[in-house]
A.B. asks: 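My questions all concern the structure below.
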Amino acid sequence: MSEADRTTLKYQVDGPEDAPVLVLGPSLGTTWHMWDRQIPELSRHWRVLRFDLPGHGGAPAHPAPSVAELAARLLATLDQLEVERFGYAGCSIGGAIGAELALRHPQRVGSLALVSASPRFGTADSFRQRGVVVRTNGLDPIARATPERWFTPAFAASQPAIVDWAVQMVRTTDPGCYIAACEALAAFDIRAELSRIGIPTLVVVGADDQVTPAADARVLVAGIADARLALVPGASHLTPVEQPMAVTDLLVRHFSSSWQSPDHPTGMTAVPAPPLKPVLSPMPPGAEVVEYGHNVPEPLVDVRSDAYDQGIKVRREVLGDAHVDRAQSLTDEFTGDFQDFITRYAWGEVWTRPGIDRRTRSVVTLTALAARGHLDELAFHTRAALRNGLTPTEIKEVLLHTGVYCGVPTANSAFAVAQRVIREETSPEG
């Protein structure tokens with residue numbers, strides 16, 4: 001185990017000490033035990049290091065605010081173990097960590113496998129609202145909805161013990177660390193950077209995955225120059241658990257045949273692979289590898305000011321993509337200058353100032369909007385306050401305080417608006 005500090009991760013190692021290191025990254029809400037069925041075979045060839053996300057599986061509950069921070073903690077853990085170069089396979093957020101490593105630290109990664117992954121996971125709004133639900137209701141609603149997100153109905157019906165195990169993993173996760181991971185996924189978007197990944201990559205997706213569907217996998221394969229796609233039938237999001245043999249065989253074949261720099265001085269020697277046909281070689285039962293064309297359009301260049309760019313970023317983080325997209329869709333020649341003004345001035349210059357944090361700014365904003373009777377704006381800033389970390393109890397206290405100093409009728413109207421928004425935003429999933 002690594003030390004319980006804020007810079008490293010809890011880990012488990014299996015396999016020969018002199019073998020090349022293969023790192024396995026978990027999905028959100030799981031522990032390293034999600035890879036248990038892969039370990040017997042993988043540890044015959046590699047020294048396998050599995051890690052837990054902060055607050056998962058009893059790991060120290062030090063929230064990581066971004067995928068980049070999770071990648072940095074993993075590298076710090078590997079540095080302590082004097083591991084310079086390694087192979088990496090990760091599921092879901094574990095895949096995001098792998099993609100981050102391939103982009104920012106390509107010299108460290110010999111080969112990459114992205115399982116149930118995406119260049120952008122759903123929408124930022126959906127993950128920020130999930131954080132609101134957890135902050136208000138705890139993790140039990142998320143845990144109860146886990147089986148339908150992670151497994152096919154047939155597997156859930158036939159393997160109740162595994163389903164119960166999965167639900168318990170989520171239920172015992174630290175809520176603050178789970179919320180931080182949701183925020184990290186909300187901000188994760190590497191669609192414009194995929195062409196910079198130059199590491200041999202296997203992309204694995206369950207044919208029935210609704211969380212990171214095959215369309216997301218194809219975007220990864222289309223953008224990464226040296227990538228193959230493996231479609232695993234009879235599997236949903238937690239593919240290594242649902243189809244362990246197929247995933248194990250895919251990983252063995254990939255890492256045996258595609259590890260870069262096999263004679264690296266740190267001893268990262270690739271395991272010799274049996275002769276295989278290039279891409280269309282016979283695959284293990286239940287898995288199909290296909291090629292996909294690489295045709296990624298050049299990203300558009302935004303030539304507007306830094307204040308606008310920063311403002312639109314903060315505006316989306318606070319108010320949500322749906323609100324900002326709606327406002328922009330209604331913008332025309334008459335209102336365009338005003339939208340540009342509030343994006344630059346309110347969001348790019350005031351909301352970004354370091355003097356007070358976003359939670360405090362939400363308190364001030366709710367008070368001011370209630371006092372002035374701006375109920376429409378109060379509605380979406382109540383939603384923003386929840387996403388900025390205020391709880392429904394704290395919002396209630398803000399409005400009670402507003403009632404004392406701004407009048408009971410003002411607070412009465414504000415409570416009605418806030419009550420409706422809080423009910424909408426904190427309703428558990430499923």
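On a predicted model such as this, the values are computed, not experimentally measured, just so you know.
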A.B. asks: If we only count heavy atoms from C-beta on, is the Trp351 to Thr365 side-chain gap below 4.5 Å?
C.D. replies: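 Contact flag for Trp351/Thr365 side chains = yes.
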A.B. asks: If you take all heavy atoms of Arg47 and Glu17, which pair is closest and at what distance?
C.D. replies: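 Scanning both residues, the minimum pair turns out to be CD-CA, 3.6 Å.
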A.B. asks: Could you check Thr239 against Ser116 for side chain to side chain donor-acceptor pair (under 3.5 Å), going step by step and ending with a plain yes or no?
C.D. replies: CA-CA 7 Å; Thr239 312; Ser116 303; 3.3 Å; yes
A.B. asks: Hey, does Tyr88 have a side-chain heavy atom less than 4.5 Å from the side chain of Leu74?
C.D. replies: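 The answer is yes; the side chains approach within 4.5 Å.
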A.B. asks: Do Leu70 and Ile93 have side chains that get closer than 4.5 Å, going by heavy atoms?
C.D. replies: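 Side chain of Leu70 against side chain of Ile93, heavy atoms only: contact under 4.5 Å found.
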A.B. asks: When rounded to the nearest 0.5 angstrom, what distance separates CD in Glu242 from CZ in Phe155?
C.D. replies: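 Reported value, rounded in 0.5 Å steps: 5.5 Å.
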A.B. asks: Hydrogens and angles aside, do Arg315 and Thr343 bring a side-chain donor and acceptor to less than 3.5 Å of each other?
C.D. replies: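 There is such a pair (donor and acceptor under 3.5 Å, judged by atom type) between the side chains of Arg315 and Thr343.
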A.B. asks: Please evaluate residues Glu148 and His237 with respect to the criterion side-chain contact (heavy atoms from CB on, under 4.5 Å), reporting the C-alpha separation (whole Å), side-chain torsions for both, the decisive distance (0.1 Å), and the verdict.
C.D. replies: CA-CA 9 Å; Glu148 63 188 62; His237 189 59; over 6 Å; no
A.B. asks: If you draw a 6.0 Å radius around CZ in Arg37, do more than 12 non-hydrogen atoms from other residues or ligands fall strictly inside?
C.D. replies: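 Incorrect, the count does not exceed 12.
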A.B. asks: Indicate the ring-plane relationship of Phe127 and Phe121, choosing parallel, tilted or perpendicular according to the 30° and 60° boundaries.
C.D. replies: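 Phe127 and Phe121: perpendicular rings.
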A.B. asks: Could you tell me whether Glu349 and Arg353 make a salt bridge, using a distance below 4.0 angstrom between a side-chain N and a carboxylate O?
C.D. replies: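 The answer is no: the pair does not qualify as a salt bridge.
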A.B. asks: Answer yes or no: is there a donor N or O on one side and an acceptor on the other, between the side chain of Asn137 and the main chain of Thr426, under 3.5 Å?
C.D. replies: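 Yes, because the side chain of Asn137 sits within donor-acceptor range (under 3.5 Å) of the backbone of Thr426.
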A.B. asks: Can Arg50 and Asp36 be counted as an ion pair, charged N to O under 4.0 angstrom?
C.D. replies: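 Salt bridge present between Arg50 and Asp36.
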A.B. asks: Can a donor-acceptor pair be found between the side chains of Thr335 and Asp332 at a distance below 3.5 Å?
C.D. replies: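 Yes.
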A.B. asks: If you apply the rule side-chain contact (heavy atoms from CB on, under 4.5 Å), what do you find for Arg130 with Ile142, and how did you get there?
C.D. replies: CA-CA 8 Å; Arg130 191 188 297 187; Ile142 304 297; 3.7 Å; yes
A.B. asks: For residues Asp125 and Gly320, report the shortest heavy-atom separation together with the two atoms involved.
C.D. replies: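 In this case the closest contact between Asp125 and Gly320 is OD1-CA, 2.9 Å.
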A.B. asks: Counting N and O atoms only, with roles assigned by atom type, does the side chain of Ser118 sit under 3.5 Å from a partner on the main chain of Arg120, one being a donor and the other an acceptor?
C.D. replies: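 Here the side-chain-to-backbone pair exists.
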A.B. asks: Could you report the tightest heavy-atom contact between Ala186 and Ala124, atom names first, then the distance?
C.D. replies: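 So the minimum-distance heavy-atom pair works out to O-CB, 3.4 Å.
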A.B. asks: For residues Arg383 and Glu425, report the shortest heavy-atom separation together with the two atoms involved.
C.D. replies: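 Smallest interatomic distance, heavy atoms only, reads NE-OE2, 3.0 Å.
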A.B. asks: Would you check if Gln328 and Ile312 make a side-chain contact, meaning some heavy-atom pair closer than 4.5 Å?
C.D. replies: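 Side chain of Gln328 against side chain of Ile312, heavy atoms only: contact under 4.5 Å found.
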A.B. asks: Using a 3.5 Å distance criterion without hydrogens, assess whether the side chain of Glu69 forms a donor-acceptor pair with backbone atoms of Ser66.
C.D. replies: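 Not confirmed, Glu69 side chain does not pair with Ser66 backbone.
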A.B. asks: If we ignore hydrogens and angles and just use 3.5 Å, is the side chain of Arg135 paired with the main-chain N or O of Pro392 as donor and acceptor?
C.D. replies: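 Not at all, since once roles are kept as given, no pair shorter than 3.5 Å links the two residues.
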A.B. asks: Measuring from atom OG1 of Thr201 to atom NE2 of His254, what distance do you get when rounded to the nearest 0.5 angstrom?
C.D. replies: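 The NE2 atom of His254 is 6.0 Å from OG1 of Thr201, to the nearest 0.5 Å.
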A.B. asks: Find out whether Phe86 and Leu81 are in side-chain contact, i.e. whether some heavy atom of one side chain is under 4.5 Å from a heavy atom of the other.
C.D. replies: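 Heavy-atom side-chain distance check fails, nothing below 4.5 Å.
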A.B. asks: To the nearest 0.5 Å, what is the distance between CG on Leu229 and CG on Leu220?
C.D. replies: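 It is 9.0 Å, given to the nearest 0.5 Å.
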A.B. asks: Without swapping roles, check the side chain of Ser92 against the backbone of Leu28 for a donor-acceptor pair under 3.5 Å.
C.D. replies: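 Side chain of Ser92 to backbone of Leu28: no pair is present.
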A.B. asks: Side chain of Trp259, backbone of Pro200: donor and acceptor closer than 3.5 Å?
C.D. replies: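 Side chain of Trp259 to backbone of Pro200, a donor-acceptor pair under 3.5 Å: no, none is there.
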A.B. asks: Got a second to check how far Thr146's OG1 is from Met169's CE, nearest 0.5 Å?
C.D. replies: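 Those atoms lie 8.5 Å apart.
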A.B. asks: If you look at every heavy atom in Pro40 and Ser43, which pair is closest and at what distance?
C.D. replies: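 Looks like O-OG, 3.4 Å.
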A.B. asks: Supply the atom-to-atom distance Leu231 CG to Asp208 CG, rounded to the nearest 0.5 angstrom.
C.D. replies: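 Here the interatomic distance stands at 9.0 Å.
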A.B. asks: Report yes if the side chains of Arg171 and Asp140 come closer than 4.5 Å at any heavy-atom pair, otherwise no.
C.D. replies: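 Counting from C-beta outward, Arg171 and Asp140 do come under 4.5 Å.
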A.B. asks: Stepwise, does the side-chain contact (heavy atoms from CB on, under 4.5 Å) test hold for Thr331 with Asp340?
C.D. replies: CA-CA 10 Å; Thr331 299; Asp340 182 79; over 6 Å; no
A.B. asks: Kindly indicate whether the side chain of Leu53, heavy atoms from C-beta on, has any atom under 4.5 Å from the side chain of Thr173.
C.D. replies: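 The answer is no; the side chains never approach within 4.5 Å.
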A.B. asks: Quick one: pull up CD1 in Ile342 and CG in Asp337 and give me the separation to the nearest 0.5 Å.
C.D. replies: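 Here the rounded value is 12.0 Å.
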A.B. asks: Search all heavy atoms of Arg149 against all heavy atoms of Ser236 and return the closest pair with its distance.
C.D. replies: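 Closest approach of Arg149 to Ser236: O-OG, 3.6 Å.
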A.B. asks: Walk me through whether Trp347 and Val324 qualify under side-chain contact (heavy atoms from CB on, under 4.5 Å).
C.D. replies: CA-CA 12 Å; Trp347 297 104; Val324 176; over 6 Å; no
A.B. asks: Does a salt bridge link Asp249 with Arg253, judged by any charged N lying under 4.0 Å from a carboxylate O?
C.D. replies: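 Salt bridge between Asp249 and Arg253, a charged N being under 4.0 Å from a carboxylate O: no.
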A.B. asks: Would you call the rings of Phe341 and Phe338 parallel, tilted or perpendicular, taking 30° and 60° as the class edges?
C.D. replies: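 Tilted, since the angle between the ring planes falls between 30° and 60°.
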A.B. asks: Could you check whether any side-chain heavy atom of Leu101 comes within less than 4.5 Å of a side-chain heavy atom of Ile199, counting everything from C-beta outward?
C.D. replies: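 In short, these two side chains do not touch, never coming nearer than 4.5 Å.
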A.B. asks: Would you mind checking if Asp189 and Arg316 are paired as a salt bridge, meaning a charged N to carboxylate O distance below 4.0 Å?
C.D. replies: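 Judged by the 4.0 Å cut-off on N to carboxylate O distance, Arg316 and Asp189 do not form a salt bridge.
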A.B. asks: Can you list the steps and then say if Arg128 with Asp321 is a salt bridge (Lys or Arg N to Asp or Glu O under 4.0 Å)?
C.D. replies: CA-CA 11 Å; Arg128 292 196 174 105; Asp321 287 330; 5.6 Å; no
A.B. asks: Okay, side chain of Glu377, backbone of Leu369: is any donor-acceptor separation there less than 3.5 Å?
C.D. replies: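 Judged by distance alone, no pair lies under 3.5 Å.
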